[in-house]
Amino acid sequence: NLFWAVVFLCGCANLMHGQVQPVKLLNKNNNTYQTTCSGLAETMGSCYQKAKETCQANFKALEEKVDSSGVHRELIFQCE
């Protein structure tokens with residue numbers, strides 16, 4: 001069981017240091033963006049952090065999408 005715990009922790013560590021899921025510009029005219037924060041290493045809070053960094057603090061969440069498994073998350077937001 002210790003073996004599987006180590007494998008799991010290493011897998012999570014690799015996910016956390018993996019490629020960050022990108023922020024996509026949906027509409028340049030009204031500064032609307034979409035980002036995903038799917039997987040075990042990210043949360044909806046990760047999406048909000050990306051929005052904050054993209055907009056340099058002020059943004060409005062327009063839509064949150066979470067699938068039934070809770071693993072696939074998406075945020076559509078607008079910079080203010």
Side-chain angles (χ1 to χ4, degrees):
N1 287 342
L2 179 60
F3 171 77
W4 291 113
V6 170
V7 169
F8 177 76
L9 290 174
C10 289
C12 287
N14 285 336
L15 284 173
M16 292 176 75
H17 296 295
Q19 183 179 7
V20 174
Q21 297 173 56
V23 174
K24 298 177 188 172
L25 178 62
L26 296 180
N27 187 322
K28 186 177 180 178
N29 294 330
N30 64 6
N31 292 321
T32 302
Y33 296 84
Q34 179 266 332
T35 190
T36 57
C37 44
S38 299
L40 299 174
E42 291 193 277
T43 65
M44 189 53 81
S46 303
C47 277
Y48 277 86
Q49 183 61 37
K50 291 177 195 180
K52 185 177 179 182
E53 291 169 2
T54 301
C55 298
Q56 298 167 11
N58 298 323
F59 69 93
K60 177 181 178 181
L62 301 177
E63 184 177 356
E64 285 184 15
K65 294 180 183 178
V66 181
D67 75 351
S68 60
S69 71
V71 176
H72 301 287
R73 294 171 292 275
E74 179 180 299
L75 177 67
I76 296 175
F77 63 95
Q78 183 176 40
C79 296
E80 296 181 330

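Numbers here are sequence positions counted from 1.
By the side chain to side chain donor-acceptor pair (under 3.5 Å) test, Gln34 is found to be paired with Glu74, residues two or more places apart in sequence or in another chain being considered. Scored by the side chain to side chain donor-acceptor pair (under 3.5 Å) test, Thr32 finds Asn30 as partners (sequence neighbours excluded). In this view, Thr36 and Gln21 satisfy the side chain to side chain donor-acceptor pair (under 3.5 Å) rule, not counting sequence neighbours.
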Side-chain donor-acceptor distances from residues 51-60 under 3.5 Å, at least two apart:
unit_1	atom_1	unit_2	atom_2	d
Glu53	OE2	Gln49	NE2	3.1
Thr54	OG1	Lys50	O	2.7

Which side-chain N or O atoms in residues 63-71 pair as donor and acceptor under 3.5 Å with protein atoms at least two apart or in another chain?
unit_1	atom_1	unit_2	atom_2	d
Glu64	OE2	Tyr48	OH	2.4
Asp67	OD1	Ser69	N	3.2
Asp67	OD1	Ser69	OG	2.8
Asp67	OD1	Gly70	N	2.9
Asp67	OD1	Val71	N	3.3
Asp67	OD1	His72	N	3.4
Asp67	OD2	Ser69	OG	3.0
Ser69	OG	Val71	N	3.2

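Here Ile76 is tied into one hydrophobic group with Leu26, Leu62, each link being a pair of ILVMFWY side chains closer than 4.5 Å.
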Derivation and outcome, side chain to side chain contact (heavy atoms under 4.5 Å, CB included), residues Phe77 and Thr35: CA-CA 8 Å; Phe77 63 95; Thr35 190; 4.1 Å; yes

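When all heavy atoms of Arg73 and Ser38 are compared, the pair lying nearest together is N-OG, 3.1 Å.
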